[in-house]
Amino acid sequence: MDLDAVVIGAGHNGLVAANKLAERGWSVAVLEAEDAPGGAVKSGEITEPGFTSDLFSSFYPLAAASPAIRELGLERHGLRWRRSPLAVAHPQPDGACAAIASEVDETAALLDRFAPGDGDAWRELYGYWERAGGPFVDALLRPFPPLRSGARLAAALGPRGLLGFGRFAVTPVRRLAEERFRGDGGAWLLAGNALHADLTPDSAGSGLFGWVLCGLGQQYGFPVPEGGAGRLTAALVERLRAHGGQLECGRRIERVLVERGRAVGVRTDDGEEISTARAVLAGAGAPSLFRDLVGEQHLPATFVDDLRHFQYDNSTIKVDWSLDAPIPWIAEEARRAGTIHVADGVDALTRTTAQLSRGLIPDQPFLVMGQYSMVDPTRQPPGRETAWAYTHVPQQVKGDAGGELTGSWDERETARFVARIEAEIERRAPGFGASIRARHVFTPQGLEAANSNLIGGAINSGTAQIHQQVVFRPVPGLGRTETPIRGLFLSGSSAHPGGGVHGAAGANAARAAVAADMRRTLARRLPIAAR
Ligand SMILES: Cc1cc2nc3c(=O)[nH]c(=O)nc-3n(C[C@H](O)[C@H](O)[C@H](O)COP(=O)(O)OP(=O)(O)OC[C@H]3O[C@@H](n4cnc5c(N)ncnc54)[C@H](O)[C@@H]3O)c2cc1C
């Protein structure tokens with residue numbers, strides 16, 4: 001096989017990259033190690049027939065906002081988005097609940113129940129989102145430095161406003177909530193959303209993360225593909241094939257072929273060598289790509305040294321359930337929300353994340369949950385429910401705050417920890433446990449076995465903390481998809497802007513590959529050096 005480009009890995013980023021190249025007329029093949037495409041965007045009947053679960057990711061506000069995905073027009077390839085009446089809810093055992101509704105006024109009214117005036121505080125925060133959120137998300141998802149969207153942000157805020165935004169961007173979410181809200185509800189929304197990444201309520205940048213997800217939730221909802229996450233992947237694959245691109249599954253790449261500092265192809269684990277005339281794009285995680293597939297001998301010593309400091313995010317345990325009935329939340333709002341956050345409050349989140357930082361399995365896990373009956377009736381038989389929850393555990397377990405587990409995640413330990421997860425839901429929805437028909441559990445090892453990018457159960461291909469973002473991702477100085485090897489581009493979520501289903505890393509890698517190829521063609525015609 002002789003191609004313009006090979007893309008390693010059919011995660012959504014790889015498929016976005018391949019789509020972008022194929023539409024420019026490049027001959028491109030995506031080679032995927034697993035038997036099916038999608039990476040962490042897959043669905044299937046893993047609990048029992050008739051119940052469709054999302055195996056990994058599930059809610060896609062980032063995809064809804066992302067130019068990389070929107071530009072593909074996936075709706076023309078079978079994708080249909082569905083939105084729940086409330087995007088996300090944060091219910092408590094006493095029936096208190098904060099939630100983001102589809103209308104700002106409804107969200108505000110829900111927050112006014114916590115403290116009069118908090119509704120206006122939400123309106124103000126969302127007004128800020130309307131001014132700054134669009135250019136900021138655009139800047140985040142474009143290649144670094146984002147000159148055009150950065151200029152739009154500056155124009156929207158002005159010089160003084162830009163300085164204020166700088167402070168806003170590094171403010172911890174606990175402090176942000178204290179500055180803006182008097183009651184607990186606003187803090188629950190901001191902090192619950194911030195903790196979709198491995199941040200703590202007290203870490204710099206967590207406020208910005210919470211604000212972005214809250215803004216997206218208010219603007220777009222937390223949409224899901226009708227029929228399951230796999231429909232998003234199916235649409236990407238169909239579009240790729242319509243543009244002449246190829247996809248081959250069950251083909252693990254074991255080597256990127258490098259000649260004189262340039263990537264010239266790949267070798268699969270069955271020994272086939274595939275040469276590429278223009279580029280190799282790699283969705284494999286940065287440490288695996290550079291150490292195992294490229295080889296340290298081809299890389300600058302400082303780069304290899306920096307790579308030693310690459311930090312994965314926390315590990316994860318995910319439970320999927322098929323249920324006899326929708327979850328009987330005490331808080332009525334939670335029955336109308338597709339996404340649920342389960343945590344007692346900001347102090348509880350600080351306590352849980354401190355346990356994680358100390359290497360302890362949390363005694364009271366914080367849950368990100370999903371439920372589908374009110375948003376997508378195709379996912380379960382009438383009257384039933386498909387639901388899931390994930391929570392984080394340490395990558396290296398040093399102990400258990402609950403005093404019973406070791407982190408072996410054998411059958412007994414996993415069952416004990418799942419009981420902790422279910423107890424947190426039961427406190428807020430008595431009767432939940434009795435409605436469980438079947439469950440499927442992904443341990444950290446199970447997640448990695450299902451997708452070799454989910455190292456130790458890390459869901460974001462590397463920490464989202466500030467020391468490994470933007471120009472520090474995956475190593476200081478890169479911040480872009482180009483690598484020290486000419487013709488090799490990092491197209492997965494260990495590149496800026498990191499985890500989440502937004503396709504930006506894939507789109508940025510494709511853009512960089514095309515630009516480098518144009519420079520090379522030009523250099524062949526003109527006597528100048530080019531990468
Ligand atoms: C449990 C879980 C829940 C999540 N929830 C959400 C959510 O609700 N919303 C959201 O936006 N994000 C969520 N995320 C994060 C999001 O799913 C990921 O950040 C995103 O899917 C990563 O996409 P990717 O294409 O970069 O990598 P991946 O999806 O990991 O795909 C990489 C692909 O490359 C393949 N591969 C790796 N090495 C090789 C090789 N050597 N040869 C060939 N193939 C190879 C892998 O098999 C895999 O298919 C979640 C993730 C997990 C795990």
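Each ligand, and each atom within it, is numbered from 1 in the order the structure gives.
- For Thr316, the closest heavy-atom approach to ligand 1 does not fall below 4.0 Å.
- Summarising the geometry, atom CD belonging to Glu71 is positioned 8.5 Å from atom CD belonging to Glu23; distances are rounded to the nearest 0.5 Å.
- Expressed to the nearest 0.5 Å, how far CZ of Arg142 lies from OG of Ser66 amounts to 8.0 Å.
- Among Lys42, Arg231, Arg379, the one residue that satisfies the salt bridge (Lys or Arg N to Asp or Glu O under 4.0 Å) test with Asp54 is Arg379.
- Only side-chain heavy atoms of Asn453 come within less than 4.0 Å of ligand 1; its backbone N, CA, C and O stay farther off.
- No hydrogens or angles considered: a donor-acceptor pair under 3.5 Å links the side chains of Ser58 and Tyr372.
- Numbered from 1 in the order shown, with element, the atoms of ligand 1 that lie under 4.0 Å from a heavy atom of Ala284 read 38 (N).
- Numbered from 1 in the order shown, with element, the atoms of ligand 1 that lie under 4.0 Å from a heavy atom of Gly492 read 26 (O).
- Against a heavy-atom cut-off of under 4.0 Å, Leu31 is close to the following atoms of ligand 1: 43 (C), 44 (N).
- Where the criterion is an N or O separation shorter than 3.5 Å, residue side chain and backbone included, Ala33 meets it with respect to ligand 1.
- Comparing Gly283, Gly9, Ala40, Gly14 by heavy-atom distance to atom 29 (O) of ligand 1, the nearest is Ala40.
- The protein non-hydrogen atom at the shortest distance from atom 50 (C) of ligand 1 is Ser57 CB, 3.7 Å.
- Ligand 1 lies nowhere less than 4.0 angstrom from a heavy atom belonging to Ala505.
- Per-residue contacts place Leu454 under 4.0 angstrom from the following atoms of ligand 1 (heavy atoms of the residue considered): 53 (C).
- Proximity to Arg251 (heavy-atom distance under 4.0 Å) selects the following atoms of ligand 1: 43 (C).
- Although no hydrogens or angles enter the test, the distance criterion places a donor-acceptor pair under 3.5 Å between the side chain of Glu32 and the main chain of Glu34.
- Scanning the protein for heavy atoms near atom 3 (C) of ligand 1, the closest one is Phe56 O, 3.3 Å.
- Interface atoms of ligand 1 facing Glu34, defined by a heavy-atom separation under 4.0 Å, are 47 (O).
- Between Phe59 and Phe222, the two ring planes are tilted [angle within 30° to 60°].
- For Arg82 and Thr378, the side-chain atoms include no donor-acceptor pair closer than 3.5 Å.
- Contacts between Tyr390 and ligand 1 below 4.0 angstrom, taking non-hydrogen atoms only, involve the side chain exclusively.
- Below 4.0 Å from some heavy atom of Gly499 lie the following atoms of ligand 1, by number and element: 19 (O).
- Taking only nitrogen or oxygen atoms, main chain and side chain alike, Asn451 reaches within less than 3.5 Å of ligand 1.
- Note: an N/O pair closer than 3.5 Å links Ile253 and ligand 1 by distance alone.
- Scanning the protein heavy atoms around atom 49 (O) of ligand 1, the nearest turns out to be Glu32 OE1, 2.7 Å.
- Looking only at protein heavy atoms, the nearest one to atom 11 (O) of ligand 1 is Val501 N, 2.9 Å.
- Salt bridge present: Arg428 and Glu424 bring a charged side-chain N and a carboxylate O closer than 4.0 Å.
- Checked against the 6.0 Å centroid threshold, Tyr220 and Trp81 do not count as a close aromatic pair.
- For ligand 1, the polar-atom distance check against Gly500 finds a nitrogen or oxygen pair separated by under 3.5 Å.
- Ring orientation note: the planes of His341 and Phe366 are tilted relative to one another, at an angle of 30° to 60°.
- Atom 51 (C) of ligand 1 has its closest protein heavy atom at Ile459 CB, 3.5 Å.
- Considering both main-chain and side-chain atoms, Lys318 never comes within under 3.5 Å of ligand 1 through any nitrogen or oxygen pair.
- Using modelled atom types, one finds a donor on one side chain and an acceptor on the other under 3.5 Å when comparing Gln219 with Trp129.
- Note on ring orientation: taking the six-membered ring where Trp is involved, the planes of Phe56 and Phe442 are parallel (angle under 30°, cut-offs 30° and 60°).
- For ligand 1, the atoms sitting less than 4.0 Å from at least one non-hydrogen atom of Ser452 are 37 (C), 38 (N), numbered in the order shown with element in parentheses.
- Note that NE2 of His440 and CD of Glu45 are 13.0 Å apart. Values are rounded to the nearest 0.5 Å.
- Ligand 1 has an N or O atom lying under 3.5 Å from an N or O atom of Phe59, backbone or side chain.
- For the atom pair OG of Ser57 and CG of Leu232, the computed distance is 8.0 Å after rounding to the nearest 0.5 Å.
- Taking distance alone, with nitrogen or oxygen atoms compared against 3.5 Å, Ser493 approaches ligand 1 more closely than that limit.
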